[in-house]
Amino acid sequence: FHQRMESSPSQDEIGDLTVIFNEMMDKLEKSFAQQKQFVEDASHELRTPIQIMEGHLSLLNRWGKKDQLILDESLLASLQELDRIKYLVHELLELSRAEQIQKGDGEVSADIVATIERVLKNFQLLHKEFTFIFDTRGNLTHQVGISEHHLEQILIILLDNAVKYSDKEKDISITIEEIEEDVKVVIEDHGIGIPEDQLSSIFHRFFRVDKARSREKGGNGLGLAIAKQIIEGYGGSISAQSKVGKGTKVQFILPFRHGGQ
Ligand code: ADP
C-alpha cells in the first residue's frame, strides 16, 4: 500500500496559473466582442438592401397594378437588391469557410503558373478593354501549398478589385517571384489608388474607402478579408502599397508545398 504524496502548489505556481487564466479570459472576451461586432456589422449590411426592397415592394403593392412604369422599375430594383442580399450571404459563408482553413491543409498543392494563366485568360475574355500582363521571374517549378480552388479565389478577388478600381489606365500586371521557401505574387494596377491613412484598413471586414463606388460596383467590403483569411490559413501573408491617382500593388506570399518539388 503506497500513499501518494502530492505536494500542494506553491504560491509562485498559483501566481503563474492565475496569470495564464487571466490571459485566457482576456482572449475569450476579446473573441466574443469581435464575434458580436461581426454579427452587428453583417446585420447592418443586410439592412440596407432589405429596406430598399421593402420600399419598392410597398410601391408595387400600392401602384403596381395601375402604373406600368412603377411595375417595371420597382420589380427590376427589387430583383437587383435581392441579388445583393444573395451575394452578401454567399460572401459571408465564404469568409466563415475561410476561417476554418487549418495550416494542416498543406497536403494540397497548386501549379501557380498554370492557375494564374487560366484565371487571366478568363479575365481577358470578360474585360476586353484591359491588358493583363503576366511576368514570371525565373523558372518556377515548385507546387505551392494551397488548394487550386483557394488560389483561384484569391486571384479573382484581387484581379476583380484591380479592374473595379481602375479608371483610364487599363494595364494590370501579375508578377511572380521565388523567394527561398516561398512564392511572392504581386498584382499591380494603375487605377484610383488608396489614401495612405486607409491602407491598413482595407483588409478589415466591410471596410470600403468609398462606399458609394464600391456599392455601385457590387462590392461589399468582404473580398480582401476573405483573401487575407485564406492566405493566412495556409501560412502566408498579404499586404498592399498604393498611391492615390497612381495605382495599387497588392502582394501575397505563400509557402511552397513541403516535400514537393
Ligand atoms: P469591395 O467589395 O468593396 O471591393 P474589398 O474587401 O475587396 O471590398 O476591398 C476593400 C476596399 O479597398 C474597397 O472598397 C476599395 O475601397 C479598396 N480597394 C481594394 N482594392 C483596391 C484597388 N486595387 N485599388 C483601389 N482601391 C482598392
Side-chain angles (χ1 to χ4, degrees), residues 34 37-38 41-42 44-49 80-81 83-99 101 116 119-120 123-124 126-127 129-135 150-176 184-233 236-253:
Q34 280 172 346
Q37 184 66 46
F38 176 62
D41 290 345
H44 182 79
E45 291 296 324
L46 277 166
R47 205 176 297 144
T48 311
Q80 279 171 348
E81 294 308 310
D83 268 348
R84 273 186 209 286
I85 296 170
K86 272 165 62 184
Y87 182 60
L88 182 58
V89 170
H90 169 82
E91 294 255 283
L92 286 171
L93 273 174
E94 287 297 331
L95 185 62
S96 160
R97 285 194 192 117
E99 277 167 5
I101 298 169
I116 292 177
V119 174
L120 278 186
F123 263 80
Q124 191 65 78
L126 278 172
H127 305 281
E129 70 281 23
F130 280 86
T131 310
F132 296 92
I133 305 147
F134 181 26
D135 178 7
H150 281 137
L151 180 57
E152 232 176 72
Q153 207 177 347
I154 297 163
L155 292 168
I156 291 172
I157 290 170
L158 300 184
L159 285 167
D160 228 19
N161 280 346
V163 167
K164 273 198 296 196
Y165 302 107
S166 284
D167 275 339
K168 297 173 212 88
E169 281 280 338
K170 307 280 190 194
D171 278 11
I172 293 171
S173 66
I174 296 196
T175 315
I176 59 175
K184 182 170 94 174
V185 182
V186 185
I187 298 185
E188 182 173 15
D189 65 59
H190 303 92
I192 61 171
I194 301 162
E196 203 177 337
D197 59 335
Q198 309 199 25
L199 208 50
S200 59
S201 306
I202 60 169
F203 297 101
H204 296 169
R205 298 154 171 177
F206 302 115
F207 179 85
R208 281 155 286 190
V209 175
D210 177 347
K211 215 168 170 168
R213 180 172 178 132
S214 166
R215 184 177 158 83
E216 179 199 316
K217 302 268 179 184
N220 51 34
L222 284 178
L224 287 179
I226 295 171
K228 181 176 157 78
Q229 197 70 52
I230 296 173
I231 290 166
E232 289 180 353
S237 62
I238 183 167
S239 60
Q241 294 158 283
S242 190
K243 271 219 155 66
V244 173
K246 292 253 181 280
T248 304
K249 257 189 202 181
V250 180
Q251 66 170 52
F252 65 90
I253 290 171

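In each ligand, atom 1 is the first atom listed, and ligand 1 is the first ligand listed.
With a 4.5 Å cut-off on side-chain heavy atoms, Tyr165 and Ile194 do not count as touching.
Nearest protein heavy-atom contact of atom 16 (O) of ligand 1 is Val209 N, 3.0 Å. Atom 3 (O) of ligand 1 has Ser214 OG, 2.6 Å as its closest protein atom, hydrogens excluded (heavy atom only). For atom 11 (C) of ligand 1, the closest non-hydrogen atom of the protein is Phe207 O, 3.6 Å.
Residue contacts with ligand 1: Gly193 is included, with a non-hydrogen atom under 4.0 Å away.
Ser242 contributes a side-chain N or O that, together with a main-chain N or O of Gly247, makes up a donor-acceptor pair within less than 3.5 Å. Judged by distance alone, the side chain of Glu81 and the main-chain N or O of Thr48 form no donor-acceptor pair under 3.5 Å.
Residue Gly221 has at least one N or O atom closer than 3.5 Å to an N or O atom of ligand 1. When only interatomic distances are considered, the shortest N/O to N/O separation between Leu224 and ligand 1 falls below 3.5 Å.
Residue Thr248 touches ligand 1 through its side chain alone, judged by heavy-atom distances below 4.0 Å. Of all the heavy atoms of Lys217, none lies under 4.0 Å from any atom of ligand 1, so neither backbone nor side chain is involved. With a 4.0 Å heavy-atom cut-off, ligand 1 is reached by no atom of Val250.
Closest to atom 22 (C) of ligand 1 by heavy atom, among Ile157, Ile226, Asp189, is Asp189.
Minimum heavy-atom separation, Asp189 to Ser166: CB-OG, 3.9 Å.
Salt bridge status for Arg205 with Glu99: present, with a side-chain N to carboxylate O gap under 4.0 Å.
Donor-acceptor pairing under 3.5 Å is lacking for the side chains of Glu188 and Gln251.
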